[in-house]
Amino acid sequence: MGDQGLADVAHFLWEAGTLKSARRTGWWMAGVRDPESVAEHAWRTSVIASVIATLEGADAARAAHLAVWHDSQETRTGDVNHLGKKYAAPGDPEAVTEDQTAGMPEVLRTAVRAVVAEYEAKETPEAICARDADKLECMLQGLEYKAQGYSSAQRWIDNSRARIVTESGRRLADELLAQEPLDWLHAVMHEKS
């Protein structure tokens, strides 16, 4: 591997870091002034993907890996929310990934492109679990925002819940809907909520 390949990998690592400050724009319509970043969303999505995949008997590490990369293209396209998609189509994730990885060493370029293609194809159990994790994370974030007083987040909660397809994802969603955001803390502290 030549230095140019590593230089392009390093460039991508800098680029990936921009997702830490890229906001998920749909939440602005719910009145959230400082919504979560794309990176924050991707992190919890990967955790949820590993949970759903484990419960569904799929490869948890693979599902989490797919979830880590699922919004990586947003370094170039930004987070285009559903209203924005009505007026301008977001970039094709596979085409954006192809451009992002063009100068990388072949082994890495091929691997990253395959991960994004698998996620977008929606065919493997791991991709289905990762996609459900994306919806469940959005629902969970909506529940947190609603608990903070953003009642308009209910739309995201309902829409996300309706799009979950795995049995484990649906059951987790129902359990989350039955809880409050700090119930976990009360349980750990042996307090009544």
Side-chain angles (χ1 to χ4, degrees), residues 1 5-27 35-82 85 90-144 156 160 163-166 168-170 172-173 176:
M1 168 176 29
L6 283 180
D8 287 340
V9 173
H11 288 166
F12 178 77
L13 296 178
W14 288 110
E15 181 179 337
T18 66
L19 294 177
K20 295 193 309 183
S21 58
R23 298 292 161 208
R24 301 223 336 131
T25 62
W27 293 117
E36 67 174 335
S37 72
V38 173
E40 290 166 324
H41 165 71
W43 176 80
R44 187 159 61 177
T45 298
S46 67
V47 171
I48 295 169
S50 69
V51 168
I52 292 174
T54 298
L55 294 172
E56 290 289 313
D59 182 335
R62 182 73 182 171
H65 188 63
L66 294 170
V68 165
W69 288 93
H70 87 282
D71 281 340
S72 60
Q73 307 78 25
E74 292 182 11
T75 61
R76 305 239 172 139
T77 64
D79 176 52
V80 181
N81 61 55
H82 289 287
K85 290 175 186 175
D92 172 56
E94 291 179 72
V96 174
T97 301
E98 185 175 324
D99 191 47
Q100 286 175 312
T101 60
M104 292 183 183
E106 183 177 352
V107 65
L108 184 57
R109 178 175 62 240
T110 302
V112 172
R113 289 176 182 178
V115 166
V116 172
E118 181 179 349
Y119 181 84
E120 293 301 321
K122 308 172 195 165
E123 295 173 353
T124 65
E126 291 76 17
I128 293 166
C129 290
R131 295 183 81 81
D132 262 13
D134 182 36
K135 307 308 178 271
L136 188 60
E137 199 289 323
C138 187
M139 188 195 90
L140 184 53
Q141 186 63 63
L143 289 166
E144 290 172 338
W156 283 260
S160 296
R163 295 167 61 202
I164 297 170
V165 299
T166 61
S168 298
R170 288 192 304 264
L172 275 170
L176 288 164

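In this chain, residues are counted from 1 in sequence order. Please read these numbers as outputs of a predicted model, since none were measured by experiment.
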Exercise. Assess whether salt bridge (Lys or Arg N to Asp or Glu O under 4.0 Å) is satisfied between E40 and R23, documenting all intermediate values.
Key: CA-CA 9 Å; E40 290 166 324; R23 298 292 161 208; 3.7 Å; yes

4.5 Å side-chain heavy-atom contact, [X] and [Y]:
{"X": "T97", "Y": "E94", "answer": "no"}
{"X": "D71", "Y": "L19", "answer": "no"}
{"X": "H65", "Y": "E126", "answer": "no"}
{"X": "D132", "Y": "E56", "answer": "no"}
{"X": "R24", "Y": "C138", "answer": "yes"}
{"X": "L176", "Y": "L136", "answer": "yes"}

Quiz item: Would you say Q100's side chain and E15's backbone share a donor-acceptor pair under 3.5 angstrom?
Solution: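 Not at all, since once roles are kept as given, no pair shorter than 3.5 Å links the two residues.
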
Exercise. Report yes or no: does S168 contribute a side-chain atom to a donor-acceptor pair with the main-chain N or O of I52 at less than 3.5 Å?
Key: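 Looks like no, no N/O pair under 3.5 Å.
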
Exercise: identify the closest heavy-atom pair between [X] and [Y]:
{"X": "A63", "Y": "A130", "answer": "O-CB, 3.7 Å"}
{"X": "S50", "Y": "A60", "answer": "O-CB, 3.5 Å"}
{"X": "S46", "Y": "V68", "answer": "CB-CG2, 3.7 Å"}
{"X": "V9", "Y": "P105", "answer": "CG2-CD, 3.6 Å"}
{"X": "I48", "Y": "L140", "answer": "CD1-CD2, 4.4 Å"}
{"X": "S21", "Y": "S37", "answer": "N-CB, 4.5 Å"}

Interatomic spacing from [atom1] in [X] to [atom2] in [Y] - rounded to 0.5 Å:
{"X": "R163", "Y": "D134", "atom1": "CZ", "atom2": "CG", "value": "8.0 Å"}
{"X": "R170", "Y": "I164", "atom1": "CZ", "atom2": "CD1", "value": "9.0 Å"}
{"X": "K135", "Y": "T45", "atom1": "NZ", "atom2": "OG1", "value": "9.0 Å"}

Quiz item: By ring-ring contact (aromatic ring centres under 6.0 Å, His included), which residues pair with W27, not counting sequence neighbours?
Solution: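 Checked W27 against ring-ring contact (aromatic ring centres under 6.0 Å, His included); matches are Y145, W156.
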
Exercise. Classify the side-chain pair Q141/H41 by whether it contains a donor and acceptor separated by less than 3.5 Å.
Key: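 No donor-acceptor contact under 3.5 Å links the two side chains.
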
Anything under 3.5 Å between a donor and an acceptor, one on a side chain of residues 116-123, the other on a protein residue two or more places apart or in another chain? List them.
unit_1	atom_1	unit_2	atom_2	d
E118	OE1	R62	NE	3.0
E118	OE1	R62	NH2	2.4
E118	OE2	T124	OG1	2.8

Practice problem: Show your reasoning for whether side-chain contact (heavy atoms from CB on, under 4.5 Å) applies to L172 and L55. | Solution: CA-CA 10 Å; L172 275 170; L55 294 172; 4.2 Å; yes

